[in-house]
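Both counts, for ligands and for their atoms, begin at 1 and track the order of listing. Numbering of residues begins at 1 and proceeds along the displayed sequence. The analysis underlying the following values was restricted to heavy atoms, covering all of them including side chains, and did not include hydrogens, waters or symmetry mates.
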Amino acid sequence: MTFDRSIKIAPSILAADFANFGAECAAVEAKGADWIHVDVMDGQFVPNITFGPATCAAIRPHIKGVMDVHLMIAPVDPYIQAFADAGADVLTAHIEAGPHIHRTLQAIRGAGMKAGVALNPGTPAAAVEEVMDMVDLICVMTVNPGFGGQKFIDMTAKIKALRVMIGDRPVHIEIDGGVDPTTAPLVAKAGADVLVAGSAVFRGGSVGDPAPYGENIRNIRAAAEGVWT
Ligand code: DX5
Ligand code: ZN
């Protein structure tokens, strides 16, 4: 994984056909996805359950590029090695998931993955100040995590504050929740480079008819890059 701040579109397979993950990942990659975003939920940290490391391992061979795993689970630490073994490139834990984000980020990097930290809408940018040199990605949630298809919550001020805090460090800012061609320019302008989108990518298409995936991805990218300087 090389670092750059170009816009990367990361379809969330939370909005894909759950009976067809392998083909869905291949389809969105063929239609221009940069990363694949994989949402792991435990029914405790968030009020929904998806799947765990075994499913991630099954999906992995169908992804050519970056597998970006977003853990919405607590605790995190007992499962880090399992996600490394499953082939995650980026493993993101929520700062709200426990009292020891410093230890968690150390363990994620120690297991050979890029380390991400996610912030719920109610968590301020300053919460990650002390771990800035331990992360490769900061995920700013623009919905309360748990479900796809929710309304975008404007976190522009937080994104701008994080962008300043990051400075020259090779740290991605990822936005997750309600990203579509209308909201993408706002977050890109504020300093985000990885745009997660579930419903806005998978809407209207299927593995049998993947053309809408390509159009959806192009529309989000064009909207975001329109304001990129
Ligand atoms: C929300 C998940 C998101 C979600 C985004 O808890 O972390 O990745 O799939 O879905 P959309 O793009 O539909 O808001
Ligand atoms: Zn996510």
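- Distances from the Zn ion (ligand 2) to the N/O/S atoms of H70 are shortest for ND1.
- In terms of modelled atom types and a separation under 3.5 Å, the side chain of N120 and the main chain of M141 share no donor-acceptor contact.
- None of the N, O or S atoms belonging to C139 lies under 2.8 Å away from the Zn ion (ligand 2).
- Under the ring pair (Phe, Tyr, Trp, His ring centres under 6.0 Å) criterion, H70 pairs with H37, H94, sequence neighbours left out.
- Using a 4.5 Å heavy-atom threshold, the side chains of V207 and D17 count as separate.
- Judged purely by atom type and a 3.5 angstrom limit, R60 uses its side chain to pair as donor or acceptor with the backbone of I63.
- The N, O or S atom of H37 with the smallest distance to the Zn ion (ligand 2) is NE2.
- Listed by first then second residue, pairs satisfying side-chain hydrogen bond (donor to acceptor under 3.5 Å, both in side chains) with a partner in residues 137-155 read D154-T156, not counting sequence neighbours.
- The Zn ion (ligand 2) lies at the vertex of an angle of 170° between the OD1 atom of D39 and the OD2 atom of D176 (rounded to 10°).
- Checked by atom type and distance alone, the side chain of K31 never pairs as donor or acceptor with a backbone atom of P212 at under 3.5 Å.
- Contact residues of ligand 1 (protein heavy atom closer than 4.0 angstrom to a ligand atom; sorted by chain and number): S12, L14, H37, D39, M41, H70, M72, M141, P145, G146, F147, G148, G149, D176, G177, G178, V196, A197, G198, S199.
- The minimum heavy-atom distance linking T183 with G178 is given by the pair OG1-O, 2.9 Å.
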For residues 45-53, run the donor-acceptor check on the side chains, cut-off 3.5 Å, and write out each pair with its distance to 0.1 Å, sequence neighbours left out.
residue	atom	partner	partner atom	Å
N48	ND2	G146	O	2.9
T50	OG1	D39	O	2.8
T50	OG1	M41	N	2.8

